[in-house]
2 protein chains.
Amino acid sequence: MSAEDTFTSSFAFQVGKLGQFATDRFAERVAPLGLRPRHCGVLGVLRAGQPAQLDLASALGVSNSVVVNMLDELEELGAVRRVRETEDRRRQRVELTALGRTLARKATRLAHELDRDLLASLDDAQTATLRDAFRALAKEHGLPGG
Amino acid sequence: MSAEDTFTSSFAFQVGKLGQFATDRFAERVAPLGLRPRHCGVLGVLRAGQPAQLDLASALGVSNSVVVNMLDELEELGAVRRVRETEDRRRQRVELTALGRTLARKATRLAHELDRDLLASLDDAQTATLRDAFRALAKEHGLPGG
DNA sequence: TATTGTTATACTCTATAACTATA
DNA sequence: TATAGTTATAGAGTATAACAATA
């Protein structure tokens with residue numbers, strides 16, 4: 001049995017494991033901010049605009065009820081604000097507060113610090129290739145959140 | 001705000017998303033075999049030996065009760081067999097059946113087919129760099145299952 | 001007493017569907 | 001009727017702790 005005949009040597013398996021690992025490490029680092037990883041996705045989207053809740057759900061690739069729950073938590077934390085629209089009172093714009101902007105900035109910094117730690121053992125060329133490849137793959141496969 | 005100042009541009013975020021995506025696609029492909037991704041990790045370890053259940057848990061990086069549950073399912077499927085050891089009757093060796101070996105082989109083939117589909121848009125040099133980098137990262141960070 | 005494995009329980013994350021209010 | 005959002009519920013996956021059998 002050659003090394004390539006093992007399940008665990010597949011890219012699919014390894015990217016799954018590394019993805020879980022990276023998410024777990026990120027969770028540890030943002031926990032002191034009162035955030036979990038999924039909250040950071042929300043804050044990221046809200047930095048770019050003030051979508052309605054359903055728009056947020058499709059941008060993040062999660063269900064509506066998950067968005068409601070995350071916004072409840074972020075609102076309690078004081079990071080976001082729901083604003084009822086006057087033209088159509090069913091809709092609510094979601095916007096960042098000043099605290100939310102600060103948290104988004106901090107979470108972004110933590111993510112990039114984690115990147116440095118995760119990729120510390122690779123040389124610059126490898127790192128550059130990896131980043132390019134991941135942008136291409138995210139686009140290729142239509143992954144949400146990016 | 002530059003592209004590098006966004007949370008979603010971080011490697012940590014992107015590898016998390018791609019890992020989830022790869023795992024979901026793999027789940028779809030092994031479902032017809034009656035397997036879920038975590039079962040394939042078990043089968044992979046069992047190809048290399050016949051560990052006791054606790055050894056299996058640490059090899060996979062999951063809790064003991066999860067191993068019990070997975071083995072129940074794999075045993076019902078006829079893929080593995082628990083063999084009580086005579087020297088120490090608390091322990092049970094876990095071994096693959098003939099069906100289990102066949103399933104392990106099929107799952108491995110599906111994983112590598114998925115690799116080809118996932119990485120189809122990358123050129124050979126990028127793919128090689130990616131594979132090398134992932135082996136290095138898995139080792140560096142002590143990820144289980146490899 | 002310590003260890004192997006099992007069971008009970010609980011927690012997180014997620015989706016679906018029933019519901020409320022507005023349109 | 002249809003849509004935005006909410007709530008209720010259920011399922012997958014995980015871990016911890018209490019437990020049984022054996023050492």
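Chain identifiers are assigned alphabetically (A, B, ...) following the order of the sequence lines, protein sequences preceding nucleic acid strands; residue numbering begins at 1 within each chain.
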Which of these nucleotides, [options], is closest to any side-chain atom of [X]?
| X | options | value |
| --- | --- | --- |
| B/Asn64 | C/dA23, C/dT6, C/dC13 | C/dT6 |
| B/Arg90 | D/dA15, D/dA2, C/dA2 | C/dA2 |
| B/Val68 | D/dG5, D/dA23, C/dT7 | C/dT7 |

Verify the contact: side-chain N or O of [X] to OP1 or OP2 of [N], cut-off strictly under 4.0 Å; return yes or no.
| X | N | answer |
| --- | --- | --- |
| A/Arg38 | C/dT14 | yes |
| A/Arg36 | C/dT14 | no |
| B/Gln92 | C/dT6 | yes |

Using atom [atom1] of [X] as one end and atom [atom2] of [N] as the other, report the distance to the nearest whole Å.
| X | N | atom1 | atom2 | answer |
| --- | --- | --- | --- | --- |
| A/Glu85 | D/dT3 | CD | P | 17 Å |
| A/Asn69 | D/dT9 | CG | P | 16 Å |
| B/Gln20 | D/dG13 | CD | P | 11 Å |
| A/Leu71 | D/dT7 | CG | C1' | 15 Å |
| A/Glu87 | D/dA4 | CD | C1' | 14 Å |
| B/Leu35 | D/dG13 | CG | P | 12 Å |
| B/Asp72 | C/dA8 | CG | P | 12 Å |
| A/Arg84 | D/dT3 | CZ | C1' | 13 Å |

Does [X] make a side-chain donor-acceptor contact with the base of [N], cut-off 3.5 Å?
| X | N | answer |
| --- | --- | --- |
| A/Arg89 | C/dT22 | no |
| B/Ser65 | D/dT16 | yes |
| B/Arg91 | C/dT4 | no |
| A/Ser63 | C/dT16 | no |

Checklist entry - Taking the six-membered ring where the residue is Trp, are the ring centres of A/Phe7 and B/Phe26 under 6.0 Å apart? => result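 When the ring centroids of A/Phe7 and B/Phe26 are compared, they turn out to be within the sub-6.0 Å range.
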Next on the checklist: Tell me if the CZ atom of A/Arg82 is crowded by more than 12 foreign heavy atoms within 6.0 Å.
Outcome noted: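 Result for CZ/A/Arg82: enclosed.
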Item to check | B/Asp124 atom CG: more than 12 heavy-atom contacts under 6.0 Å | outcome: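 No.
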Checklist entry - Hey, which of these two, A/Val62 or B/Arg93, hits DNA chain C nearer its 5' end, going by closest nucleotide? => result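 Checking each residue's closest nucleotide, the 5'-ward one belongs to B/Arg93.
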Checklist entry - Should B/Glu28 and B/Arg25 count as an ion pair when the cut-off is N to O under 4.0 Å? => result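 A salt bridge links B/Glu28 with B/Arg25.
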Checklist entry - Is there a side chain to side chain donor-acceptor pair (under 3.5 Å) between B/Thr108 and B/Arg47 once you walk through the steps? => result CA-CA 11 Å; B/Thr108 299; B/Arg47 280 178 114 178; 3.1 Å; yes
Next on the checklist: Mind checking if A/Arg82 touches a base, just sugar-phosphate, or nothing, with heavy atoms under 4.0 Å?
Outcome noted: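 It contacts sugar-phosphate atoms only.
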